[in-house]
Amino acid sequence: MSGKKRYLVTAALPYANGPLHIGHLAGAYLPADIYVRYLRLMSKDVVFVCGSDEHGAAITVRARKEGVTPREIVDKYHALIRDTFEKIGIAFDIYHRTSEQLHHETSQDFFRKLLENNQFSEEVTEQYYDEVAGQFLADRYIIGTCPVCANPDAYGDQCEKCGSSLSPTDLISPRSTLSGSAPVKRPTKHWFLRLDRHENWLREWINTGVADGHQLHNPADWKNHVLGQCNSWLDQGLHPRAMTRDLDWGVDVPQEIPDSAGKKLYVWLDAPIGYISATKQWAIDHGKKWEPYWKADDTALIHFIGKDNIVFHCLIFPAILKAHGDFILPVNVPANQFVNLEGRKISTSKNWAVWVHEYVADFPGQEDALRYNMIKKMPEQGDSEFTWKGFQETTNNELVNNLANFVNRVLVLTNNYYGGFVPAVDANHEFKSGWDIDKTGVYDEELHILHEKLEALGSEIERFNFREALRILMEISAAGNALLQFNEPWKMVKVDPEQVKVVINLGLQFVAALSVACQPFMPFTSKRLRGLINLNALDETRGELLFILNDLAEGNPVLPTGHAIGAAEHLFSRIPDEVIAAQIAKLEATDTAAANTTTTNTPAATMYAPLAPTITYDDFAKLDIRTGTILTAEKMEKSKKLLRLNVDLGFETRTILSGIAEHFTPEDVVGRQVVVLANLAPRVMMGVESQGMILMAENAEGKLSFVRPEEGWGNGFGVK
RNA sequence: GGCGCGGUAGCUCAGCUGGUCAGAGCGUGCGAUUCAUAAUCGCAAGGUCGCGAGUUCAAGCCUCGCCCGCGCUACCA
């Protein structure tokens with residue numbers, strides 16, 4: 001254990017424009033929850049904060065699309081996400097929200113402090129401006145034709161059809177979603193954090209753990225992919241990044257600052273400071289001080305995130321904290337990778353996901369089955385895979401057959417033979433060890449091994465190896481089953497009743513240990529299990545795992561002789577094939593056109609892009625579209641997406657670059673008849689001038705199809 | 001194209017600074033068993049550790065090249 005006096009654990013703030021899916025859970029929230037629950041059981045001082053990230057253009061875009069206010073969007077999803085966390089047992093000390101006044105004040109104070117510390121440069125850049133609506137346009141407010149896949153409704157930051165990340169200036173014929181007009185570029189001033197000035201110390205800190213001459217962490221404890229990603233960025237050089245935006249939904253740049261009108265803090269400064277605001281609110285609610293958790297050297301700050309957030313939490317936020325001056329740096333950022341679903345990437349926009357709020361509705365009382373499976377499949381080193389079949393198998397084979405069964409066996413035998421009381425034992429009586437079939441068991445030694453297992457489990461959690469920790473947990477259950485199997489109390493009860501007492505007593509100690517050790521992973525099961533053996537639910541403020549470890553270390557049993565247990569019950573229920581089939585069917589159904597009518601919170605518009613604003617015939621007539629034939633095709637050097645085509649337009653041959661290399665090989669396209677936008681302004685890409693654009697059709701999966709005239713149609717003819 | 005992380009038994013994955021590291025769980029086969037939601041326990045199955053070279057007394061573990069997956073990034077239409 002790090003030896004720190006207190007812990008501040010954060011989990012990535014969910015963006016309040018959609019529900020949670022299992023990838024979120026396995027990526028950040030479950031590992032954080034396990035870690036925190038473990039710390040509490042070990043009597044550590046820990047605060048676990050999270051909250052909804054409620055600002056940004058995506059929310060306003062969504063609000064406009066649904067005809068509601070941004071406030072209504074965030075209220076809806078904040079409530080949904082908060083309740084989902086509670087239902088699946090993620091035990092934050094506080095789940096805050098960035099729309100709270102306290103957060104606005106906190107982040108504004110941060111901005112002022114950075115300004116005071118001379119951490120910004122002010123720069124004027126050209127941004128798209130909507131003259132009709134009278135405001136600057138966030139990237140998400142601008143749509144236009146995607147340069148990669150020709151989707152006519154790509155956003156200024158990203159094309160949701162092909163997933164390309166874009167900038168507004170990439171879009172062909174951009175238009176404003178506010179008014180439908182074509183935006184114009186206008187100068188606007190923004191505050192840029194001088195990240196370049198932080199590059200050197202960040203590099204040292206990331207790679208050696210040393211900052212300002214102090215050893216703050218050991219890089220060997222950080223995950224490979226986290227270090228790799230950071231160094232990849234550092235090697236490319238850090239550049240000043242804008243900390244403000246022209247937005248209308250977010251935290252205002254403090255008004256006393258000149259030119260702040262209409263400016264909002266960008267997500268870099270808004271979201272991570274949400275961790276601090278949340279801690280402040282928690283302190284207010286509980287009569288505590290928040291500063292020690294963020295400013296004291298003996299606090300361990302740990303960020304649980306997904307891999308998409310690595311540089312944000314390992315470089316940018318630390319730079320902000322350092323630039324402020326008073327704050328500590330994270331001691332570790334154990335980012336997880338991604339979870340795939342049934343062989344495909346989880347996609348909110350394509351509705352390929354298992355939504356957690358739907359799971360808890362479909363599987364009431366089986367929250368821990370999902371938690372268990374997600375922990376088992378946690379993407380700790382590389383991407384992992386969730387399948388419904390796998391979920392069924394682990395639930396039935398491991399939770400039902402092994403864990404629940406072991407508990408049931410012990411309780412049934414105790415009730416049958418000893419009237420439900422923990423039997424007194426002769427600690428010197430021999431039996432067969434549950435840990436090793438060839439070993440003679442000794443009561444104290446069995447407890448000792450149990451102690452070792454619990455310590456090993458804890459040490460794996462401390463090192464963020466949650467899958468391994470879970471495996472050790474199940475090892476205890478398997479050893480318990482083996483203990484019964486080897487000693488056959490149902491036979492020996494007539495032959496050697498003293499031995500049976502030892503075996504059953506030991507079995508009960510295993511069950512009691514499991515009731516504590518399983519709590520970080522499966523809190524609902526812990527509570528249920530504690531009930532079965534007539535113990536109170538764990539009080540997380542009391543460090544009960546620590547007590548048990550101390551007891552076992554001294555050779556004392558967890559459950560005292562004579563303790564009365566309850567009736568045997570099953571902890572888990574088997575998941576039948578039909579239920580799994582239904583979930584798979586549901587997944588596949590929502591993946592298709594049914595997405596339009598589904599009750600999930602997935603945007604209905606994802607199947608079909610919204611219709612673009614109406615244009616006149618004159619607008620259309622500006623386009624000169626011609627038939628043509630691809631004569632030659634070759635892959636562009638150094639480009640992943642571009643094919644260089646020579647296209648016969650009848651009257652001339654054009655060189656056209658087309659972003660279809662990820663869909664078609666050169667051989668695929670040579671000889672194809674195509675339709676070409678012939679009067680598009682030429683554009684130089686990768687050093688080659690493209691003289692037109694090949695028109696493609698695209699479906700919801702982002703697959704492309706050539707648009708072409710009838711077989712044998714000539715080249716160079718107009719399309720109207 | 002550049003960079004990063006992965007590519008290990010049918011499946012899901014462990015393998016720290018190179019030398020019991022060729023492993024675990026599940027599935028499969030055989031055997032034992034009945035207290036238990038036909039659950040449990042034991043044994044077994046021989047996987048070129050992505051491909052090809054190299055360094056070393058010794059390489060999944062180091063180096064170089066290549067292939068595949070994912071991510072970030074690029075003069076990105």
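The chains referred to below are lettered A, B, ... by the order of the sequence lines, with proteins before strands, and numbering in each begins at 1. Side chains are part of it too, since the values below use all heavy atoms of this structure and drop only hydrogens, waters and symmetry mates.
Under the ring pair (Phe, Tyr, Trp, His ring centres under 6.0 Å) criterion, A:His313 pairs with A:Tyr275, A:His303, sequence neighbours left out. Under the side-chain hydrogen bond (donor to acceptor under 3.5 Å, both in side chains) criterion, A:Ser232 pairs with no residue, sequence neighbours left out. Taking the salt bridge (charged side-chain N to carboxylate O under 4.0 Å, His left out) definition, one finds that A:Lys389 meets it with A:Glu393, sequence neighbours left out. Take A:Glu468 and apply the salt bridge (charged side-chain N to carboxylate O under 4.0 Å, His left out) test, not counting sequence neighbours, and it matches A:Arg471. With sequence neighbours left out, the ring pair (Phe, Tyr, Trp, His ring centres under 6.0 Å) criterion links A:Phe464 to A:Tyr35, A:Phe304. A:Glu488 pairs by the salt bridge (charged side-chain N to carboxylate O under 4.0 Å, His left out) definition with A:Lys491, not counting sequence neighbours. The ring pair (Phe, Tyr, Trp, His ring centres under 6.0 Å) search around A:Phe521 returns none, not counting sequence neighbours. Residues passing the side-chain hydrogen bond (donor to acceptor under 3.5 Å, both in side chains) test with A:Lys185: none are found, sequence neighbours excluded.
Within 4.0 Å (heavy atoms only), A:Val400 reaches at least one base atom of the nucleic acid. A:Ala478 comes within 4.0 angstrom of the backbone, heavy atoms only, and of no base.
Out of B:G25, B:C35, B:G71, the shortest distance to the side chain of A:Glu398 is found at B:G25. When each of B:C72, B:C41, B:G71 is scored by its nearest atom to the side-chain atoms of A:Ala482, the top-ranked nucleotide is B:C41. Across B:C35, B:U40, B:G42, the shortest atom-to-atom separation from the side chain of A:Asn481 is found for B:U40. Of the candidates B:C41, B:C72, B:G6, the closest approach to any side-chain atom of A:Asn402 belongs to B:C41. For A:Trp233, whose side chain is taken as the heavy atoms from C-beta onward, the closest listed nucleotide among B:C5, B:U40, B:C72 is B:C72. Listed nucleotides B:G42, B:U33, B:G71 differ in distance to A:Glu488; the shortest reach to its side chain belongs to B:U33. In the set B:C35, B:C3, B:G42, the nucleotide with an atom closest to the side chain of A:Leu413 is B:C35. Considering only the side chain of A:Ser232, B:C3 comes nearest among B:C3, B:U40, B:C26.
For RNA chain B, if you chain together Watson-Crick or G-U pairs that step i with j, i+1 with j-1 and so on, the runs of at least three with distances under 3.5 Å are B:1-7 with B:67-73, B:10-13 with B:23-26, B:28-32 with B:40-44, B:50-54 with B:62-66.
Residues from residues 404-411 of chain A placing a heavy atom under 4.0 Å of any atom in RNA chain B, listed by number, are A:Asn405, A:Asn408, A:Arg409.
Annotation: salt bridge (Lys or Arg N to Asp or Glu O under 4.0 Å) contacts involving residues 396-418 of chain A, sequence neighbours excluded, comprise A:Lys376-A:Glu398.
Here the two rings, on A:Tyr266 and A:Phe192, have centers that are 6.0 Å apart or farther.
Between A:Trp388 and A:Phe391, the ring planes lie perpendicular to each other; the angle is over 60°, past the 30° to 60° tilted range.
Between A:Lys432 and B:C41 there is no side-chain N or O to OP1 or OP2 distance below 4.0 Å. Phosphate proximity of B:G4 to A:Asn224: absent, as no side-chain N or O sits under 4.0 Å from OP1 or OP2.
In B:G60 the base sits syn relative to the sugar, since the glycosidic angle is no further than 90° from 0.
For the side-chain contact (heavy atoms from CB on, under 4.5 Å) test with A:Thr525, the passing option among A:Asp368, A:Val407, A:Leu399 is A:Asp368; the others fail.
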Check: protein-nucleotides 8-15 of chain B nitrogen or oxygen pairs below 3.5 Å:
| residue | atom | partner | partner atom | Å |
| --- | --- | --- | --- | --- |
| B:C13 | O2' | A:Arg467 | NH2 | 3.3 |

